[in-house]
Amino acid sequence: MVSASTVCVYGGTMAVPNERRYGTLGAVLLSPRHRAPLWFGRALPYVLNGLLISVFTLTVATLLLGLRIPVVALPGLAAVLLAASAGCSVFGLALGALGLRLRDVFLVSNVAASVLLLLTGANVPRETLPEWMRAVGDVLPLTHAAEAARELSAGGGLDRGRLGAELATGPDTRCSPWSCWRCSNGAAGVARPST
């Protein structure tokens with residue numbers, strides 16, 4: 001989960017500022033196309049990359065460290081990894097929208113990746129965290145996917161509620177490239193098209 005989240009957050013964060021850097025952000029924002037598919041298409045390579053890196057990491061852990069995952073859990077684990085990659089990529093896109101206002105987008109992505117590792121239970125057990133940190137972790141991507149992956153690895157079934165919660169955390173970010181014109185309008189120097 002950690003390997004997928006890192007790749008997806010950093011990649012998603014850089015997707016939006018790269019559009020600005022290469023001069024294509026104005027064309028993307030003024031496109032008559034629907035915003036959600038346009039930006040989810042930007043996140044798709046990072047989702048697939050995160051999924052590929054997760055599979056590679058799990059394969060190496062199985063071969064070198066003796067990690068045992070039940071064969072019946074593999075389809076559910078693939079769904080959880082896909083949901084985690086999608087949630088972290090969309091979270092990265094929202095951070096990229098903030099990067100349109102801030103000069104240093106790497107600071108934003110570094111802090112966000114550290115917060116994900118701390119508050120989601122990926123590195124620190126959530127039971128040891130204060131209540132307010134657990135509440136913040138509940139609305140971040142990776143939290144529900146990490147819990148579902150642990151249950152699957154222990155031989156339990158796929159908790160569809162956790163999978164749905166993971167998918168809901170990524171698109172629920174309030175300042176995303178397709179909805180936050182205040183974040184992108186001034187930095188890109190483009191006006192919102194009339195409807």
- line: For V105, the other hydrophobic cluster members (4.5 Å side-chain criterion, sorted by chain and number) are M14, F106
field: Residues that, via side-chain heavy atoms closer than 4.5 angstrom, fall in one hydrophobic cluster with Y10
entry: none
query: With sequence neighbours left out, which residue pairs that include part of residues 116-129 fulfil the salt bridge (charged side-chain N to carboxylate O under 4.0 Å, His left out) condition?
result: R126-D138, R126-E147
task: Can you measure from CG (L77) to CG (L152) and round to the nearest 0.5 angstrom?
output: 6.0 Å
message: List the residues meeting side-chain hydrogen bond (donor to acceptor under 3.5 Å, both in side chains) with E131, not counting sequence neighbours, and say none if there are none.
response: R134
- prompt: Does one hydrophobic cluster hold both I69 and V80, with members joined at side-chain heavy-atom distances below 4.5 Å?
  reply: yes
query: Taking C-beta and beyond as the side chain, do V55 and T59 meet within less than 4.5 Å on heavy atoms?
result: yes
query: Are V115 and T120 close enough that some pair of their side-chain heavy atoms sits under 4.5 Å apart?
result: no
- prompt: Residues two or more places apart in sequence or in another chain: which of them pass side-chain hydrogen bond (donor to acceptor under 3.5 Å, both in side chains) with T62?
  reply: none
field: F40 and V90, any side-chain heavy atoms less than 4.5 Å apart
entry: yes
- prompt: Where the side chain of S89 meets the backbone of A86, is there a donor-acceptor pair that is under 3.5 Å apart?
  reply: no
task: Compare every heavy atom of P17 with every heavy atom of T13, then report the nearest pair and how far apart it is.
output: O-CD, 2.8 Å
query: Given L119 and T143, is the side-chain contact (heavy atoms from CB on, under 4.5 Å) satisfied, shown in steps?
result: CA-CA 8 Å; L119 300 181; T143 302; over 6 Å; no
query: What are the two closest heavy atoms between S109 and V9, and how far apart are they?
result: O-CG1, 4.4 Å
- prompt: Does L81 belong to the same Ile/Leu/Val/Met/Phe/Trp/Tyr cluster as L74, with side-chain heavy atoms less than 4.5 Å apart forming each link?
  reply: yes
- request: Enter the distance from L140:CG to L118:CG here, rounded to the nearest 0.5 Å.
  value: 10.0 Å
- prompt: Under a 4.5 Å side-chain heavy-atom rule over Ile, Leu, Val, Met, Phe, Trp and Tyr, are L129 and W132 clustered together?
  reply: yes
OG on S54 to CG on L58, rounded to 0.5 Å: 6.5 Å
query: Which atom pair, heavy atoms only, marks the closest approach of A78 to L51?
result: O-CD1, 4.2 Å
- prompt: Does F91 belong to the same Ile/Leu/Val/Met/Phe/Trp/Tyr cluster as V2, with side-chain heavy atoms less than 4.5 Å apart forming each link?
  reply: no
field: Hydrophobic cluster membership, Y46 vs L116, 4.5 Å side-chain cutoff
entry: no
- request: Provide the closest heavy-atom pair for G50 versus A4 in the form atom of the first, atom of the second, distance.
  value: O-CB, 3.6 Å
task: Answer yes or no: is there a side-chain heavy-atom contact under 4.5 Å between V16 and L93?
output: yes
query: Taking only residues two or more places apart in sequence or in another chain, which ones pass side-chain hydrogen bond (donor to acceptor under 3.5 Å, both in side chains) with N18?
result: none
query: When rounded to the nearest 0.5 angstrom, what is the spacing between CG in N49 and CD1 in I53?
result: 4.0 Å
message: For the CG atom of L142 and the OG1 atom of T6, what is their distance to the nearest 0.5 Å?
response: 8.5 Å
task: Could you grab the distance from atom CG of L98 to atom CG of L107, nearest 0.5 Å is fine?
output: 11.5 Å
